[in-house]
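One structure is given below, encoded as C-alpha cells.
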Amino acid sequence: MTIHSVVIQKLLSTNAHLGRRVVADHLKPYAYGVRNGTAVLDSDKTLISLRTACAFIGALARNNARFMFVNTNPLFDEIFDQMTKKIHLYNPNQNTLWRTGGFLTNSRSPKKFRSRNKKLCFAPPQPPDCVVILDTERKSSVVLEADRLQIPVVAIVDSSMPLDIYKRIAYPVPANDSVQFVYLFCNLITKTFLAEQKRFAKHDSIAADDDSSKIENTEEAKRVEESENVGVSPKDEVVVVPYESLAPISQDRAEAKELLEKLVVLKFNGALGNEMGFNGPKSAIEVCKGSTVLDLIVKQIESLNSKYGCNVPLLLMNTAKTNDDTVKVVEKYPNSNIVTLNTSDGQASENEAYPSDHDMVFLSLMNGGTLDVLLSQGKEYILVVGSDNVAAVVDPNILNHLIQNKLEYCMEVTPTTLFDTNDSILNSHQQKFQLAEIARSSNEHLADKFKLTDTRSLWVNLRAIKRLVDTDALKIENYTVSKGGKNDKILSPKTAAGSAIQFFDHAIGINVPQSRYLPMNATSDLLLLQSDLYTSNNGVLVRNSARTNPVNPSIILGSEFGKVSDLLSRFKSFPSIVELDSLKVTGDVWFGADVTLKGRVNIVAKPGMKLEIPDRAVLHNKDISDPIDI
C-alpha cells in the first residue's frame, strides 16, 4: 500500500468526505459525486487543499508572522486549546471571550462579550497576518472583516458554503467539519508550527556561532558570483544567452529521463481562427502535411517520452469555445498523458489587453489546484507555449540549463530580421537588453523599433510560481509594462511578456533560432507552412535545406484568400516556394497544380478578370496582370 493510499484512508476515517445535501456550484469541482442524497467530497482534492494551507501557514510561521485562530464550535474547545498551547499562541490567564464583530477593524478597543461562545486566540495585539477558522459560519463576521483588511483566511468549508463567503477565503479546505477531521487539521497545523520553530531555533544557533561580518561578506560574495555566472539582471532588463552556448543533455538515457521527469508542458488553446475564417480553434487547423498545431505538439512530447522512457504530461488550456474541437483532436492519442484545463474565455484568451497571457496561467494553475498536483508528482518546471507559434520546440537542453543554474524564469526570444542582420554577436555572446527592446509579437513594421521578439515560449519554476501566488504577488494590477517611456504603465500588445520577470529572482532570456518562431495569424502564414518549405519530424518543423536564404519569403495575399477555405480552394496544390523571395497576389487568381514560384512574383487580377495560373507553371521574377503575361 502506498503512502498516498494510507493518507486517503486516514482522511476517509475522519468522515472528511461527507458533505451536505446541497453542493454549491462553485464547490462542485471539489465534489466526487452524490450518494444517498448526500454530497461526497473528493478526498484527493481535500488532501491537496490541506497541503496548500499547511504550506502557507508554514511559510508565514517561518517569518515569525502573527496568527489569529478562531473557534466557533464548543465541541472543538479541547482540541483548540491543546493546539494553541503547544504552539505558544494561547495564554490560559487571558481566557477571555471576545466578540468577533468589529474585532479586527476596531482592534484598538475590543469589546468583551461573554454570551457568544466564540473564542479567539492570538499572539501580539497587532493585526494578524493570517486568520485560521476551524468552523466557518455562513455569515462569519471574521471572514468579512479579514477580507476588508486584506488578511488571508485559512478555513474549513462545507459543500454548501455561499459564494460571497467562499470567495473571501484565500485557502479553503473543503471537508466535513467533524471532530475527527478538526483534530487531524489542528494536528497538522501543530506539527507545521513545531517544525518551523525547530528549524528557526537551529538557524539561530548556527548564526550565533558565526561572526556577523563574515556572514555578510560571504552572502555578498555569493550574490555577486551568482550574478556573474547566471546572468541576473535588474528588473527592467534581461540577460539574453545564445542558444549555441547551452550544454547538451547527458547521453545517458537514465539521466536524461530523470531530467525530463521534472518537466510539464502547457499549451495555450484559447485562440480562435475567426480572423482566418476558420470556425474553431487555431490549433485545429492543418498546417503541415495533414498535421494540426495540436498534432505537432503532441507528437513532440510522445517522441520525447518514447525516446527516454519518461512521462512528460501535456496540459491544454481550453476555453468553452475551443474545448469541443480540441477533444476531437486529442481523441487520436488515447495513450498520451494529455490533461485539459477548462477556463473562462476572458481568463484564457490571448486577445485580451493583458501584458501577458502567461501571467494568467499562474493564477489559473493555483486556483484549480493543478499546481499542487504537479508539485506532488515531482514536477519542477513548466514550459508554457503560446497558441500562435507553430514552430515551438520542447527542448531538453534549455531545461537542463535552467536546472543547473537554478533559474526561475526564462523567456525564449529571437532577433528581429533587421537586428539579426546587423549584429551577429548575439549568436555567440550573451548581452543585456531592456524589456522595452523586446516586441511581444512579430511585425515587419516594428523591426526598426525592437531588437528582439518574444516567441511566447516561457519556462518557469513551479515552486517559484507557488511562492508568488502564496504571497499574493501575482495580480494583474501589479504588472507594469514599458513602452519605452519613463514610468509608463500602459498595457501594450506590442510589449513582451517579460513584464512578469520583475517577480522572479533569477531570470534570463535565451536567443533561439528564428526557425523556432512561426506565428500563424493569417492565411499567408498558412501558405508558408503548407508549401514545400517545411516538413515535420516527430512534431518538430524542419526547414527545407535547399533554401539558402535564411529569411522566409514575404507573402501578401488579397482578401480573396482571407479565409482558410478560400486558400484551399484557390490552390489545386500548394506551390514550390523554396526559391521565392516575395509574393503578392490580389484579385480573382487561381493556381494550378505543381506551380513553382521563384524570386519576386507579383500577380494582380484586374476587376472583373479571372487569372488562372496553369499546372506546372514556373514563375520567376514575374509581374502578371493579364493571361498573356504568364
Side-chain angles (χ1 to χ4, degrees), residues 276 285-291 390-391 414-422 424 442-445 447 453 513-537 540-606 609-630:
M276 301 169 63
I285 300 176
E286 292 187 3
V287 293
C288 187
K289 308 300 183 290
S291 295
V390 182
T414 190
T416 58
T417 305
L418 181 63
F419 186 66
D420 185 51
T421 304
N422 296 338
S424 59
S442 176
N443 190 320
E444 60 181 6
H445 301 295
T453 301
Q514 287 186 331
S515 59
R516 293 195 180 183
Y517 182 52
L518 286 174
M520 186 177 63
N521 297 316
T523 52
S524 56
D525 301 321
L526 187 58
L527 175 56
L528 276 175
L529 295 165
Q530 292 275 24
S531 69
D532 61 344
L533 190 59
Y534 286 97
T535 56
S536 65
N537 181 19
V540 178
L541 288 182
V542 180
R543 202 163 183 262
N544 195 326
S545 60
R547 182 171 177 84
T548 57
N549 190 340
V551 180
N552 281 340
S554 172
I555 298 179
I556 301 175
L557 301 178
S559 58
E560 295 80 7
F561 295 81
K563 297 181 179 180
V564 175
S565 57
D566 295 334
L567 181 74
L568 298 176
S569 64
R570 288 181 177 272
F571 285 92
K572 274 189 181 180
S573 66
F574 287 99
S576 172
I577 61 172
V578 174
E579 300 180 52
L580 178 68
D581 294 327
S582 65
L583 171 66
K584 184 176 182 181
V585 182
T586 57
D588 190 11
V589 181
W590 299 77
F591 288 81
D594 302 323
V595 174
T596 301
L597 305 176
K598 299 181 180 182
R600 183 186 59 81
V601 178
N602 187 17
I603 306 174
V604 179
K606 298 177 182 178
M609 177 186 293
K610 180 179 180 180
L611 275 179
E612 296 185 5
I613 309 300
D615 295 348
R616 293 176 295 279
V618 178
L619 305 180
H620 188 190
N621 291 330
K622 283 279 190 178
D623 290 321
I624 300 173
S625 59
D626 194 270
I628 62 175
D629 296 331
I630 303 175

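Positions are given from 1 along the sequence.
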Please list, chain by chain and in numerical order, all residues satisfying side chain to side chain contact (heavy atoms under 4.5 Å, CB included) with Asn537, sequence neighbours excluded.
Val542
Could you state the interatomic distance from CD1 (Ile624) to CG (Leu619), rounded to the nearest 0.5 Å?
4.5 Å
Do any pairs count as a side chain to side chain donor-acceptor pair (under 3.5 Å) and have a residue in residues 558-567, sequence neighbours left out, and if so which ones?
none
On a heavy-atom basis, which atom in Thr523 and which in Gly562 lie closest, and how many Å separate them?
CG2-O, 3.4 Å
Closest heavy-atom contact between Val578 and Arg547?
O-NH1, 2.7 Å
Determine whether Leu583 and Ile577 make a side-chain contact, defined as any pair of heavy atoms from C-beta on separated by less than 4.5 Å.
no
Listed by chain and number, what are the side chain to side chain contact (heavy atoms under 4.5 Å, CB included) partners of Val589, not counting sequence neighbours?
Phe561, Val585, Phe591, Ile603, Ala605, Leu611, Ile613
Taking only residues two or more places apart in sequence, or in another chain, which ones meet Asp623 in a side-chain hydrogen bond (donor to acceptor under 3.5 Å, both in side chains)?
Arg600
How far apart are the closest heavy atoms of Arg543 and Asn549, and which atoms are they?
NH2-O, 3.0 Å
Side chain to side chain donor-acceptor pair (under 3.5 Å) contacts touching residues 567-577 (sequence neighbours left out)
Asp532-Ser576, Arg570-Asp588
When rounded to the nearest 0.5 angstrom, what is the spacing between CD1 in Ile555 and OG in Ser531?
6.5 Å
Can you tell me how far the NZ atom of Lys584 sits from the CG atom of Leu557, to the nearest 0.5 Å?
11.5 Å
In the structure I gave you, are the side-chain heavy atoms of Val390 and Cys288 within less than 4.5 Å of one another anywhere?
no
Return the CG to CE distance between Leu526 and Met276, rounded to the nearest 0.5 Å.
5.0 Å
Between Ser515 and Leu541, is there a side-chain heavy-atom distance shorter than 4.5 Å?
no
More than 12 foreign heavy atoms under 6.0 Å from NZ of Lys289: is that the case here?
yes
Do you know the tightest heavy-atom contact between Thr414 and Gln514?
OG1-CG, 3.1 Å
Any non-hydrogen side-chain atom of Val287 less than 4.5 Å from a side-chain atom of Leu518?
no
Salt bridge (charged side-chain N to carboxylate O under 4.0 Å, His left out) pairs touching residues 514-531, sequence neighbours excluded, are Asp395-Arg516
Who are the side-chain hydrogen bond (donor to acceptor under 3.5 Å, both in side chains) partners of Thr586, not counting sequence neighbours?
none
Taking the side chain as everything from C-beta on, heavy atoms only, tell me whether Ser625 gets closer than 4.5 Å to Met609.
no
How would you list, by chain and number, every residue that makes a side chain to side chain contact (heavy atoms under 4.5 Å, CB included) with Pro614, sequence neighbours excluded?
Ala617, Ile630
In Å and rounded to the nearest 0.5 Å, what is the CG to CG distance from Leu580 to Asn621?
9.5 Å
Suppose we screen for ring pair (Phe, Tyr, Trp, His ring centres under 6.0 Å). Which residues come up paired with Tyr534, at least two apart in sequence or across chains?
none
Among Val595, Leu527, Asp594, whose side-chain contact (heavy atoms from CB on, under 4.5 Å) with Phe574 holds?
Leu527
Partner set under side chain to side chain contact (heavy atoms under 4.5 Å, CB included) for Glu612, not counting sequence neighbours:
Trp590, Lys610
Between the CD atom in Glu579 and the OG1 atom in Thr548, the distance rounded to the nearest 0.5 Å is 8.0 Å
